[in-house]
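The analysis underlying the following values was restricted to heavy atoms, covering all of them including side chains, and did not include hydrogens, waters or symmetry mates. Here the structure is a predicted model, which means the values were calculated and not measured. Positions are given from 1 along the sequence.
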Amino acid sequence: MCGFTGIIDWQKNDDLEPNLQLAINTIKHRGPDSQDFFYDKTKGIYFGFNRLKIIDLLNRSNQPFFDEEKNIIIMFNGEIYNFLELKKELSDNYNFVTSSDTEVLMFAYKKWGLNFLKKIQGMFSIAIYDKLQEKIMLVRDPIGIKPLFYALNNNQIIFSSEIKSILNTNLIKKELNPTAIDSYLMFLCAIDNLTPFNNIFKLRPGELMTISLKDKNFKNEYYWDLKVEPINENEDEIIQNTFKKIDKSIKEQMQSDVDFGCFLSGGLDSSINAILMSKHMGKPIKALTVYFDDDKNNEISFSRSVADILKAQRFEKQITQEDFWEFLKCFGEINDNLNGDLSCFPLYFLSKMTYKNNIKMVLVGEGADELFCGYNSFKYFKFIKLINFLWIKTERWPKWLKTMASAIIPKNKQIQEILRRWTNNLPWYFGANNIFLNNDRQNLFNREFYAKIDKTFIDKTISQHYNSKMTTLQKITYLETKLRLPELLLNRVDLITMNFSIESRVPFLNTDLVKYIFNIKDELKLKNNETKYLLKKSMKNIVPSEIVYRKKQGFWAPFLSWYTNDVIFANKIKNIILQSKIFNDKILNQDAVKAILNQNNFTEKTILKIWSLLILSNFYDYYLS
């Protein structure tokens, strides 16, 4: 796991080595173990790399990595879990001098060209400079576990593992992207290829960018996508195969030459990681847990129960309200991609504790809820299925008829948004946990700033990821794996764990497992209206029943109770938001924000609105004031 930055300067007028040095030092936290560079100034190419040593700890595996002829230069952030079997396949043709997966990647590219992407299994962002072809290829893994950002600036392309590195080249002007901020206020992140900054973009999951040095242009294309491929197996076979695939994924992702552990909340997903890790290690694992002194958000008893069964070495921290201010002070700089997930707060202290205990790699449970239908909203599957059915049946109704029908249906804001989508022939599903819907967002923005927003972007993006041939659950899963999962949930994990020089691995997002579960029939995924039915059935013999069938708790923080029950805390939050430069610069409407902050009845939904405004103002004051 590492961080890298590259600059491609087609004009080749200036020496950009100092700019690259500034940029790569900005993300030293991603790779504190070594720093190396590659320059081809005649072509205007500058590569910088910070390495976090996880596999093959010797300097021979430092990057940028070259072939013997120095025709192929590679930078790679992530892990390839099937690199040993690929190495075996390649060893007849190539002589290996390291035990790293980076060298395997290089020879895989030399042998198979870009078809190597169909063979590798892992999480990665990759940059390959092929001198003979005069091309640079940038790649992001199929699920989007590892990020890769790029900026377009006149005759330059700048790319990096983090946005702050691109900004610190001093080659890009910092300008807020209005459409990305609109997206953030709905999804808590900028979806698709947008970032909070104009002219800075991200590669989408499963996307390849090919840059021609000769023609001075680039092309983006997908090399991987989820496809509908029905599975003809009975329930028992599916349950057995689900267990085998998860078990195999966890075993593969335990490959490491450094000390490692797992984040253990006491929920089903993290408990599966811990139990199967323990099985394959044959010795006590290291289990890391944070908790709050708050009944609703305290899972420590479940975590300890699993850890004690495994005789695990426990690492724990209780997070207090006082800790919150440390988080907020540090998070502005960390959060260059504007991630508003509330779990960033506890994750910050979980990662900090992991770092302090010299643990460099962890397994995490992200992706299981999306894959196995784990959210409480899936309990309403019959209603969801009915909406999908009615949507298809009324697809050809004229707009005037839909408008008339909509007018007589009682509606709250959520139903209003659904009816808007129905009337305009847009997909019915538009993502989980939407914060501010259309009208709310319009009222929040300053009028001039709102005029700069592409109002069609969100609807167009969702429509692009809609496939009428998919089942109801496939449509939901597909959209989540394209938008919310990579850009909110996986981004928060990468952003915060890497801030503390920790590699986080996600066994539930092995692409073979994702493809398999995606194609199982809806009726089996939610049999008897039970969330995570398949996961529970496949693990019932190894995970204690009190963990398997306990009520789901998210990785939340007691922000609602603090804000509603502690006047001093609430006033400090209000002051931070209302004193932000975001109002002076006429981005948000202060009266609309005050109305949200000062309302009387607070729910989890309304407190998420306040949280999202807090994180937005925190981000803005650090990066744009």
Side-chain angles (χ1 to χ4, degrees), residues 23 26 140 144 147-154 156-205 207 209 218 220 331-341 431 434-436 438 440-462 464 482-484 486-488 491-492 495 580-589 593 612-625:
T26 304
R140 189 179 181 193
L148 186 52
F149 303 94
Y150 64 95
L152 306 175
N153 182 43
N154 298 323
Q156 295 167 338
I157 295 178
I158 306 159
F159 58 89
S160 184
S161 304
E162 292 189 17
I163 293 172
K164 61 178 72 73
S165 178
I166 293 175
L167 295 173
N168 282 357
T169 61
N170 295 324
L171 299 171
I172 294 288
K173 189 177 180 182
K174 281 195 278 190
E175 292 180 335
L176 199 65
N177 183 322
T179 305
I181 302 307
D182 186 50
S183 167
Y184 166 80
L185 287 172
M186 181 161 178
F187 299 104
L188 294 176
C189 64
I191 59 170
D192 199 51
N193 69 337
L194 293 189
T195 75
F197 300 94
N198 277 334
N199 301 318
I200 301 180
F201 306 92
K202 52 184 175 258
L203 280 188
R204 303 171 179 94
E207 192 172 37
M209 181 180 190
F218 66 91
N220 286 41
F331 193 56
E333 180 180 6
I334 295 169
N335 194 25
D336 55 0
N337 195 28
L338 187 52
N339 189 306
D341 194 289
N434 309 122
I435 308 304
F436 292 96
N438 271 27
D440 290 333
R441 298 200 308 280
Q442 182 175 349
N443 296 333
L444 264 183
F445 287 118
N446 174 278
R447 189 178 299 173
E448 291 176 15
F449 187 79
Y450 182 73
K452 299 174 185 176
I453 294 169
D454 179 355
K455 317 298 188 300
T456 67
F457 174 77
I458 290 175
D459 288 344
K460 279 192 303 187
T461 302
I462 291 171
Q464 285 168 5
K482 290 294 181 182
L483 303 181
R484 184 172 169 272
E487 311 313 345
L488 182 71
N491 173 257
R492 80 183 177 201
L495 204 61
S580 170
K581 297 290 195 306
I582 205 165
F583 299 105
N584 295 347
D585 294 345
K586 297 184 178 178
I587 308 298
L588 296 183
N589 178 333
V593 172
S612 68
L613 293 169
L614 174 67
I615 297 304
L616 175 58
S617 60
N618 191 41
F619 159 84
Y620 190 88
D621 289 342
Y622 186 86
Y623 279 102
L624 288 148
S625 66

Exercise. Run the numbers on Phe449 and Phe583 for ring pair (Phe, Tyr, Trp, His ring centres under 6.0 Å), then give the verdict.
Key: CA-CA 11 Å; Phe449 187 79; Phe583 299 105; over 10 Å; no
Self-check item: Student check: side-chain heavy atoms of Leu613 and Leu588 closer than 4.5 Å
Solution: yes
Quiz prompt | pair Phe457-Leu194: side-chain heavy atoms closer than 4.5 Å | solution = yes
Quiz prompt | Short side-chain to backbone donor-acceptor contact, Asn199 and Ala151, under 3.5 Å | solution = no
Quiz item: Phe436 pairs by side-chain contact (heavy atoms from CB on, under 4.5 Å) with which of Leu185, Leu188, Asn443?
Solution: Leu185
Quiz item: Does the side chain of Asn335 reach to within under 4.5 Å of the side chain of Ile615, using non-hydrogen atoms?
Solution: yes
Self-check item: Residues forming a salt bridge (Lys or Arg N to Asp or Glu O under 4.0 Å) with Glu333, sequence neighbours excluded
Solution: none
Quiz item: Who passes salt bridge (Lys or Arg N to Asp or Glu O under 4.0 Å) against Asp621, sequence neighbours left out?
Solution: none
Quiz item: With sequence neighbours excluded, what pairs up with Ser165 under the side chain to side chain contact (heavy atoms under 4.5 Å, CB included) test?
Solution: Thr5, Ala23, Ile27, Ser160
Quiz item: How about Glu162 and Asp336: do any of their side-chain heavy atoms sit closer than 4.5 Å?
Solution: yes
Practice problem: For Arg441, check salt bridge (Lys or Arg N to Asp or Glu O under 4.0 Å) against everything at least two apart and list the hits. | Solution: Asp182
Quiz item: Can you list every pair that meets side-chain hydrogen bond (donor to acceptor under 3.5 Å, both in side chains) and has a residue in residues 185-198, with sequence neighbours left out?
Solution: Asp192-Arg204
Practice problem: Identify whether NZ of Lys or CZ of Arg in Lys164 sits under 6.0 Å from the centre of the six-membered ring of Phe149 and within 45° of that ring's axis. | Solution: no
Quiz item: Of all residues at least two apart in sequence or in a different chain, which pass the salt bridge (Lys or Arg N to Asp or Glu O under 4.0 Å) check with Lys173?
Solution: Glu175
